[in-house]
A.B. asks: 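Below is a structure I'd like to ask you about.
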There are 2 protein chains.
Amino acid sequence: MTDKTKNNSLNITAVDSSSLVDKVEQTLIDLLISEKLNPGDQIPKELELTEMLGVSRTVIREALNRLKTIGLIESTKRKGSTIKSPDLLFLLKKSLIPNILDQATLKDIFELRLVIEIGMSDLIYNRATPEDIAELEQIVATEPDSPKEVLFDVDHEIKFHGKLYQISGNHTLIDFQTILLPAFRYVYDSGMIESPAHDSKWVSHQDLVKILKDGNPNKFRNAMRKHLDRHFKGYFK
Amino acid sequence: MTDKTKNNSLNITAVDSSSLVDKVEQTLIDLLISEKLNPGDQIPKELELTEMLGVSRTVIREALNRLKTIGLIESTKRKGSTIKSPDLLFLLKKSLIPNILDQATLKDIFELRLVIEIGMSDLIYNRATPEDIAELEQIVATEPDSPKEVLFDVDHEIKFHGKLYQISGNHTLIDFQTILLPAFRYVYDSGMIESPAHDSKWVSHQDLVKILKDGNPNKFRNAMRKHLDRHFKGYFK
DNA sequence: TTATTGGATTATGTCATACATAATGCGTTT
DNA sequence: AAACGCATTATGTATGACATAATCCAATAA
């Protein structure tokens, strides 16, 4: 028995099991923050970092590669790496592969859609131009007659609601929708969402457009809530 | 003059300027999708991939490292790499360094907060337990008297609204808030947001709790809208 | 027999070195 | 002055070696 095995009662601190790359990555991120670097600024060359941090170029490169992956830096030959304003949503897109997400997360995402579409009513109401409304009217004009059909015409559903996102004028939101689309489609297709019959208070796309035109923000928001009610029904009961 | 310079009018296809790592990364992602791999499944070893794709281990490793960064895989020694259900928000956290985001994106994010908090009213109303309400009441009880002070007590503001997110029960949403917090704080601190005086219709935290207790979903949603009105005012006018 | 120990094995993690390639600047040539 | 070739620089790729953690398995000791 060596000495080591006796040290059970000592207050040993848990060893840091993270890899070198992990550490260097964090060090670099901390650097970006503490140095208050702005987009366009340069960061040290790989070889300089190698010396500064005392690790091999391989490790430096892997860490830089991660920052590149999350969009924090950009590298070009001869020039080195420069800070970049990351495209938040670009990242999500890559990792959002529906069949890899677990059911709970997929449900969360679908719910998030409902939350967003209700919440953005105010943006829509305040920013819709006459042209936007005309376009919405045209979309509605081409939709299937029976509301039951509309329900299952996912493409049309996406077309109408997609236009709404666009009207919101919030680019983060617009990108968000684009990215979440595969997940929505997956949820629709997988039958996770029930589609109860509409009751008398059902608000159609057409109704929505009418209210957007002649109503007020409150009316529109509440109408949007009713429009999405069939989805909510699946959650609350 | 060589022949090359004359080829102006030809339909030449743009050369693919992406790096080898870029290509391998995409190839691997495509593989994950087409093979319908599930979390827990193994992917080929680095050396196997080296042979399969005909590139060096360096390139394979850098590509795998990227997948690791976006949370799609996980690797352990001797075992190799396995598919993982990515934590969508974990990613955002890393890249959300406020001083690196541009103003427009920051504004988008703040707006997104408003959208979400209004939209999640229905979740809150339907999921709040008596204990939740009691907790909210306690939070409100400890808040500064003057509404003007409350406005600038960002910590308190975050405490109250944070609890609301928690009540929503949507984990993606909860994580989202946690992650966006630094950006909110940044926006508050930077004075990007104006804070107009409240008009007569101002809805306080206390009012919100009361309505959550005794009102109905519609009332609560509209109250939340009014509560956030001072922020909206900065956008629409 | 059972538990422990100590290799042997395997696949990722790290290091070192060399060369390829793109971008840039500079001096030479025409 | 424009075009060309050459040197330079920093990232991109390839290769070989060794370190390290996880795992299996056989030999050994209780």
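Below, chains carry the letters A, B, ... as their sequence lines are ordered, and counting in each starts from 1.
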A.B. asks: Checking side-chain polar atoms at under 3.5 Å, does B:His227 have a donor or acceptor matched by the opposite partner on B:His161?
C.D. replies: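 Side chains of B:His227 and B:His161: pair found under 3.5 Å.
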A.B. asks: Please determine if a side-chain N or O atom of A:Lys68 lies less than 4.0 Å away from the OP1 or OP2 oxygen of D:dG12.
C.D. replies: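 Checking D:dG12 against A:Lys68, a side-chain N or O does come within under 4.0 Å of OP1 or OP2.
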A.B. asks: For B:Asp132, what residues pass the side chain to side chain donor-acceptor pair (under 3.5 Å) criterion, not counting sequence neighbours?
C.D. replies: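 So B:Asp132 forms a side chain to side chain donor-acceptor pair (under 3.5 Å) with B:Thr129, B:Lys163.
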A.B. asks: Taking CD from B:Glu62 and C1' from C:dT12, how many angstroms apart are they, rounded to a whole number?
C.D. replies: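 Roughly 15 Å, once rounded to whole Å.
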A.B. asks: Can you check the A:Asn65 CG to C:dG13 P distance for me, whole Å?
C.D. replies: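 Going from A:Asn65 (CG) to C:dG13 (P), I get 14 Å.
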A.B. asks: Can B:Asp175 and B:Thr178 be said to form a side chain to side chain donor-acceptor pair (under 3.5 Å), step by step?
C.D. replies: CA-CA 5 Å; B:Asp175 292 346; B:Thr178 312; 5.0 Å; no
A.B. asks: So, using ring pair (Phe, Tyr, Trp, His ring centres under 6.0 Å) as the criterion, who are the partners of A:Tyr125 when residues are at least two apart?
C.D. replies: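 If we apply the ring pair (Phe, Tyr, Trp, His ring centres under 6.0 Å) test to A:Tyr125, skipping adjacent residues, there are no hits.
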A.B. asks: Name all residues meeting the side chain to side chain donor-acceptor pair (under 3.5 Å) criterion together with A:Ser34; count only those two or more places apart in sequence or in a different chain, and write none if there are none.
C.D. replies: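 Side chain to side chain donor-acceptor pair (under 3.5 Å) list for A:Ser34, sorted by chain: empty.
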A.B. asks: So which one's nearest nucleotide on DNA chain C is more toward 5', B:Lys79 or A:Leu20?
C.D. replies: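 The residue mapped nearer the 5' terminus is B:Lys79.
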A.B. asks: Please list, chain by chain and in numerical order, all residues satisfying side chain to side chain donor-acceptor pair (under 3.5 Å) with B:Gln26, sequence neighbours excluded.
C.D. replies: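 With sequence neighbours excluded, B:Gln26 shows a side chain to side chain donor-acceptor pair (under 3.5 Å) to B:Asp30, given in chain and number order.
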A.B. asks: Examine C:dT12: is either OP1 or OP2 under 4.0 Å from a nitrogen or oxygen in the side chain of A:Ser19? Give yes or no.
C.D. replies: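 No.
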A.B. asks: Looking at residues 48-61 of chain A, who's got a heavy atom less than 4.0 Å off DNA chain D?
C.D. replies: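 Those residues are A:Arg57, A:Arg61.
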A.B. asks: Check nucleotides 7-9 of chain C against the protein and report each pair of N or O atoms closer than 3.5 Å, with its distance, or say if there are none.
C.D. replies:
{"residue": "C:dT9", "atom": "O2", "partner": "B:Arg78", "partner atom": "NH1", "Å": "2.7"}

A.B. asks: Output all residues satisfying ring pair (Phe, Tyr, Trp, His ring centres under 6.0 Å) with A:Phe176, sequence neighbours left out; order by chain, then residue number.
C.D. replies: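 Once residues adjacent in sequence are excluded, the partners of A:Phe176 under the ring pair (Phe, Tyr, Trp, His ring centres under 6.0 Å) criterion are B:Phe176.
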A.B. asks: For residues 43-56 of chain B, which side-chain N or O atoms pair as donor and acceptor with protein atoms under 3.5 Å away, sequence neighbours left out?
C.D. replies:
{"residue": "B:Lys45", "atom": "NZ", "partner": "B:Lys79", "partner atom": "O", "Å": "3.0"}
{"residue": "B:Glu46", "atom": "OE1", "partner": "B:Arg57", "partner atom": "NE", "Å": "2.7"}
{"residue": "B:Glu46", "atom": "OE1", "partner": "B:Arg57", "partner atom": "NH2", "Å": "3.0"}
{"residue": "B:Glu46", "atom": "OE2", "partner": "B:Arg61", "partner atom": "NH1", "Å": "2.9"}
{"residue": "B:Glu48", "atom": "OE1", "partner": "B:Lys45", "partner atom": "N", "Å": "3.4"}
{"residue": "B:Thr50", "atom": "OG1", "partner": "B:Glu46", "partner atom": "O", "Å": "2.7"}
{"residue": "B:Ser56", "atom": "OG", "partner": "B:Thr58", "partner atom": "N", "Å": "3.4"}
{"residue": "B:Ser56", "atom": "OG", "partner": "B:Val59", "partner atom": "N", "Å": "3.4"}

A.B. asks: From CD of A:Gln42 over to P of C:dT24, roughly how many Å is that when rounded to an integer?
C.D. replies: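 In whole Å, C:dT24 P lies 11 Å from A:Gln42 CD.
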A.B. asks: Closer than 4.0 Å, any side-chain N/O of A:Ser81 to the OP1 or OP2 of D:dA10?
C.D. replies: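 No, outside the criterion.
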A.B. asks: If you only use heavy atoms from C-beta on, which nucleotide in D:dA21, C:dT21, C:dT14 is closest to the side chain of A:Lys77?
C.D. replies: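 When the side chain of A:Lys77 is considered, C:dT21 is the closest of D:dA21, C:dT21, C:dT14.
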A.B. asks: What pairs with B:Ser85 under side chain to side chain donor-acceptor pair (under 3.5 Å), at least two apart in sequence or on another chain?
C.D. replies: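 Side chain to side chain donor-acceptor pair (under 3.5 Å) check on B:Ser85 returns nothing, list empty.
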